[in-house]
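Let me begin by presenting the structure, written as structure tokens, before commenting on it.
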There are 2 protein chains.
Amino acid sequence: MVSFTEENYLKIIYKLCASGDNGATTNAIAQLTQTKPSSVSDMLKKMSDRQLVDYKKYQGVSLTEEGERLALRVIRRHRLWEVFLVEKLSFAWDEVHELAEELEHIESEQLIIRLDEFLGFPQFDPHGDPIPDQHGKITKVKKIKLTHIEEGLQYKIVGMEDTSDAFLQYLTKIGMDLSSKVTLVEKIEFDQSMVLNINGKSTTVSHKFTENVWVSEL
Amino acid sequence: MVSFTEENYLKIIYKLCASGDNGATTNAIAQLTQTKPSSVSDMLKKMSDRQLVDYKKYQGVSLTEEGERLALRVIRRHRLWEVFLVEKLSFAWDEVHELAEELEHIESEQLIIRLDEFLGFPQFDPHGDPIPDQHGKITKVKKIKLTHIEEGLQYKIVGMEDTSDAFLQYLTKIGMDLSSKVTLVEKIEFDQSMVLNINGKSTTVSHKFTENVWVSEL
DNA sequence: ACAATTTTTTAGGTTTGTCTAAATTTTAAT
DNA sequence: ATTAAAATTTAGACAAACCTAAAAAATTGT
């Protein structure tokens, strides 16, 4: 049995590892769990004893296979509840995070299986993030910056790092939204900008842009 | 802010007080919370300090006005979730209690308002128990034993104390189910049995029966 | 009415997850 | 290559909610 608190740590460590930046550091975890670094150290030790994480003092932390399985289960539940709240209860997509943070900890395999079915087996949540399936299989997402050029390889926008109004307006201007299909055309070495094909239209975007937008393979 | 645990105590104390039997005693609470009586004593003291209950040592406990308001909120949430699980996720009515025990603690007024709307403002849960409205107004329920004779006063079955197969079969035999309309015809002093009119048919039932069946005024 | 039983409370302890303050290790800058 | 700064860990405490064992109060049977 994994506690409410452990589930939160697992989910946060998963996300920090997946995002690549600096991996899951004690400070980063503390910030996201809204606790102090010392509390995180304590918790990591306990979770390491329980074989949920691989942890060596001062060296950061990553998930064990079991830890990752459990993290993906929590993420699945979180995202399914978000779909429910938006599609069935008419919440706005930016209102549902806090609620899903609570709902994700309800412990019942059956509940999630039936909720998934009730929602029509959605692939993405209202923020565009992919929903892991029952076996933890998840559509891989990465920042545009890290994609590579390959014949016919299309991507789908799934989210962004910075969601400021300024940025969202820029997206609208270049005709890009969550339903856009994007192909990588060219990487410019000199300033690390990239040429993308967005819904058939060729557009050049800055390095900052490519760091800010998450995509998944289609 | 009222904790998960406090909400459970409130709900249980409410039910014990409403059922009339012996009111909310320390032992009874311990049994329903699955804890020891000593833990209940501790908790009652704390809840008394927080003005959620009226408590005098060795004298049992009852809810303050605020305690009752909070208890009814939890009961409302519990019963709405049960409706959701049965009507929308196709759970059987006898599978949903445990799940609703968890869901009832999700803290959000908006969530419950919208769930209620999504479900079409149901009046009763799948067990036949009445759902309090947003202001805590609840259809009063009592055991048949405690009803009184009055011109045209009809009752609706909402639940039973003992749900053994034997009893359910007996119900079927006398043509009584959750949709039955019942009128009290006569109380027999001698053995405390009662004559009821069930869907237009006159039937005599034992004292044990009248102790076992809960009804609400219609 | 009072002894026996049952119920309830107190006292002292445990676990989980947090905290602050101090110590240690790592990283970065000169 | 040191030293200053930043990140991390340890030590010692605390609050919530539980426990066991023992003491105190209430109830019951004769």
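Source: prediction; values computed, not measured. Letters go in sequence order (proteins before strands), and every chain restarts at 1.
- Between the NZ atom of B:Lys57 and the C1' atom of D:dA24 there is a distance of 10 Å, rounded to whole Å.
- Between the base of C:dT20 and the side chain of A:Ser38 there is a donor-acceptor pair shorter than 3.5 Å.
- Look at CG on B:Asn22: it is 13 Å from C1' on D:dT27, rounded to the nearest Å.
- The nucleotide whose nearest atom lies closest to any side-chain atom of B:Thr26 is, among C:dT9, D:dT9, D:dT10, C:dT9.
- In this structure, B:Lys45 reaches the sugar-phosphate backbone alone: every heavy-atom distance under 4.0 Å involves primed, P, OP1 or OP2 atoms, never a base.
- The nearest whole Å value for the distance from the CE atom in A:Met47 to the C1' atom in C:dG17 is 13 Å.
- The NZ-P distance, from A:Lys36 to D:dT10, rounds to 19 Å in whole Å.
- Residue B:Ser39 places at least one side-chain N or O under 4.0 Å from the OP1 or OP2 atom of D:dC19.
- Heavy atoms of A:Phe4 sit nowhere under 4.0 angstrom from any nucleic acid atom.
- Rounded to the nearest 0.5 angstrom, B:Ser39 OG and B:Leu44 CG are separated by 10.5 Å.
- For the pair A:Arg79/A:Ile138, a side-chain contact is recorded, criterion being any heavy-atom separation below 4.5 Å from C-beta on.
- Set against C:dT10, D:dT8, D:dC19, the side chain of B:Thr35 has D:dC19 as its closest nucleotide.
- B:Tyr9 has a side-chain polar atom (N or O) that falls below the 4.0 Å cut-off from OP1 or OP2 of D:dC18.
- Looking at which nucleotide of DNA chain C each of A:Thr33 and A:Gln59 is closest to, the 5′-most match is held by A:Thr33.
- Toward the 5' end of DNA chain C, the nearer of the two residues A:Tyr58 and A:Ser3, judged by each one's closest nucleotide, is A:Ser3.
- Between A:Glu211 and A:Lys143 there is no salt bridge, since no side-chain nitrogen of the basic residue lies less than 4.0 Å from a carboxylate oxygen of the acidic one.
- Minimum atom distance to the side chain of A:Asn27 is reached by D:dA7, of the listed D:dT20, D:dA7, C:dT20.
- Remark: A:Ser41 is in phosphate contact with D:dT9, judged by side-chain N or O atoms under 4.0 Å from OP1 or OP2.
- Rounded to an integer number of Å, the gap from CE of B:Met43 to P of D:dC19 is 12 Å.
- You'll find the ring centres of A:Phe4 and B:Phe4 outside the 6.0 Å limit.
- A cation-pi geometry, defined here as NZ or CZ lying under 6.0 Å from the six-membered ring centre and within 45° of its normal, does not hold between B:Lys88 and A:Phe84.
- Cation-pi geometry between A:Lys46 and A:Tyr9 is not met: the NZ or CZ atom fails to fall both under 6.0 Å from the ring centre and inside 45° of the normal.
- When each of C:dT9, D:dT10, C:dG17 is scored by its nearest atom to the side-chain atoms of A:Asp42, the top-ranked nucleotide is D:dT10.
- B:Thr5 comes within 4.0 angstrom of sugar-phosphate atoms only, judged by non-hydrogen atoms across all strands, and of no base.
- Going from atom CZ of B:Arg50 over to atom C1' of D:dA16 covers 11 Å, rounded to whole Å.
- Atom NZ of A:Lys46 and atom C1' of D:dT10 are 14 Å apart (whole Å).
- Summarising the geometry, the separation between CG on B:Leu44 and C1' on C:dT7 is reported as 14 Å, rounded to the nearest angstrom.
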